[in-house]
2 protein chains.
Amino acid sequence: MKYTNRRIASLLRQKGFKLTPQRRAVLDIICSSTEHFTPVQIYERARQEHPDVGLVTVYRTLNMLAALGLLCQVHMDGRKRSYVMRRPAEHHHHLVCSQCGTVVDFASCDLGELEEKLSRQTGFEINGHLLEFSGCCQECKQK
Amino acid sequence: MKYTNRRIASLLRQKGFKLTPQRRAVLDIICSSTEHFTPVQIYERARQEHPDVGLVTVYRTLNMLAALGLLCQVHMDGRKRSYVMRRPAEHHHHLVCSQCGTVVDFASCDLGELEEKLSRQTGFEINGHLLEFSGCCQECKQK
DNA sequence: CTTGTAGTTGAAAATGTCTTTCATTTATCA
DNA sequence: TGATAAATGAAAGACATTTTCAACTACAAG
């Protein structure tokens with residue numbers, strides 16, 4: 001399943017959200033690429049077209065989209081406070097370079113069995129998992 | 001392998017660190033339980049015995065212990081900035097309740113194969129992974 | 001096309017977590 | 001006991017993110 005700008009727009013309206021130029025700008029950026037962006041990066045890009053969007057609005061829009069399940073986040077290096085958002089695709093995970101921040105996606109993860117086992121052992125109702133590998137990418141290794 | 005208060009103390013001395021009452025207080029708290037604590041929680045407990053420890057010192061001590069590999073961190077809910085520390089054991093992962101913050105450890109993870117595959121495909125040198133399940137614990141389910 | 005209004009906005013201030021700075025104090029060892 | 005390198009607390013700083021609030025606007029109903 002692939003979300004397009006237009007599609008998201010109509011979903012928002014359906015949910016009672018207004019489609020403002022600022023939100024449009026954020027959506028355009030996120031939908032125009034498969035890259036990952038930090039809120040600040042999105043903010044900077046959005047300003048090029050629309051010089052008076054505020055960073056606050058970018059945060060608000062991203063939060064809204066995330067709450068609707070349209071975005072997901074990466075935790076750089078597992079420790080940094082900054083986080084990154086991207087337009088979603090299927091369930092997938094991340095491989096993050098701790099030198100340069102490059103993020104590579106991968107889809108295969110086979111945690112269903114482990115999840116079930118844990119659920120049985122602990123009584124938890126498990127509704128999500130976070131799996132990230134970190135390391136050093138090829139380019140950074142060469143330096 | 002189990003770390004005791006005393007054992008850590010002598011390790012610190014060995015490494016050239018001083019064993020101050022403040023550090024002792026932090027160590028006592030961490031070693032006296034298998035629970036996870038946030039820096040602020042440790043700070044608050046430490047103050048009960050030793051009213052003039054500063055939060056700064058708690059942070060410094062925790063960072064030092066983490067740098068020595070004696071502690072590890074949890075990322076609550078995968079999003080919160082606050083993090084939790086505990087006394088370490090073997091390699092393990094966490095199962096976090098997003099309602100109440102309870103953390104359960106589990107050891108089994110079978111990611112070696114996946115790690116190798118990713119490494120081959122991407123050229124990354126992988127040196128760590130972060131795996132966390134989140135959900136709702138038994139107690140919270142009942143409410 | 002107006003108009004009412006609930007939802008949205010930007011700026012500034014606030015929050016929360018963690019780190020740095022610096023003058024003062026202290027654990028440790030010769 | 002005294003020298004000294006390391007450690008401390010307070011206050012200020014750094015950042016990412018959120019809240020507050022008065023002004024503004026998308027859009028549906030008329």
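Values in this document were obtained by computation on a predicted structure and should not be read as measured data. Lettering of chains follows the sequences in order, A, B, ..., and the numbering in each one begins at 1.
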Indicate, with a heavy-atom threshold strictly under 4.0 Å, whether B:V40 touches base, sugar-phosphate, or nothing. nothing
How would you list, by chain and number, every residue that makes a side chain to side chain contact (heavy atoms under 4.5 Å, CB included) with B:Q121, sequence neighbours excluded? B:K117, B:L118
Indicate, with yes or no, if A:Y43 and A:L71 share a hydrophobic cluster defined by side-chain heavy-atom contacts under 4.5 Å among Ile, Leu, Val, Met, Phe, Trp and Tyr. yes
Of all residues at least two apart in sequence or in a different chain, which pass the side chain to side chain contact (heavy atoms under 4.5 Å, CB included) check with A:V104? A:L95, A:T102, B:T122, B:F124
Rounded off to whole Å, could you give me the CG-to-C1' distance for the A:L55 and C:dT9 pair? 13 Å
Quick one: B:H50 NE2 to D:dT8 C1', roughly how many Å, whole number? 11 Å
Between D:dA6 atom C1' and B:K15 atom NZ, what is the distance in whole Å? 17 Å
So which protein N/O to nucleotides 27-30 of chain D N/O distances come out below 3.5 Å?
residue: D:dC27; atom: OP1; partner: A:L19; partner atom: N; Å: 3.4

For B:E116, which residues count as a side chain to side chain contact (heavy atoms under 4.5 Å, CB included) partner, sequence neighbours excluded? B:R120
Please report, rounded to the nearest Å, how far the C1' atom of D:dA7 is from the CG atom of B:L12. 13 Å
Side-chain contact check for A:V56: nearest option of C:dT9, C:dA12, D:dT17 is C:dA12
Inter-residue atom distance A:F17.CZ - A:T61.OG1, 0.5 Å rounding: 10.5 Å
Using a 4.0 Å heavy-atom cut-off, does B:P21 contact any base of the nucleic acid, only the sugar-phosphate backbone, or nothing at all? sugar-phosphate
Rounded distance (Å) that lies between atom C1' of D:dT8 and atom CE of B:M64: 13 Å
Which residues share a side chain to side chain donor-acceptor pair (under 3.5 Å) with B:R13, sequence neighbours left out: none
Does the side chain of B:Y59 get closer than 4.0 angstrom to OP1 or OP2 of C:dC18 through an N or O atom? yes
Straight-line distance of A:M64 CE to A:L70 CG, nearest 0.5 Å: 8.0 Å
Expressed in angstrom and rounded to an integer, what is the separation of B:Q22 atom CD from C:dT25 atom C1'? 10 Å
Quick one: side chains of residues 18-30 of chain B, donor-acceptor pairs under 3.5 Å with protein atoms, not counting sequence neighbours, listed by atom name and distance.
residue: B:T20; atom: OG1; partner: B:R23; partner atom: N; Å: 3.2
residue: B:R23; atom: NH1; partner: B:K18; partner atom: O; Å: 2.8
residue: B:D28; atom: OD1; partner: B:N5; partner atom: ND2; Å: 2.3

Protein-nucleotides 21-23 of chain D N/O pairs closer than 3.5 Å?
none

Are any of B:N63's side-chain N or O atoms less than 4.0 Å away from OP1 or OP2 of C:dT19? yes
Euclidean distance, atom CD of residue A:Q41 to atom P of D:dT17 [Å, nearest integer]: 12 Å
When rounded to the nearest 0.5 Å, the distance separating CD of B:Q41 from CD of B:E44 is 7.5 Å
Nearest-Å distance, OH (B:Y43) to P (C:dC18)? 14 Å
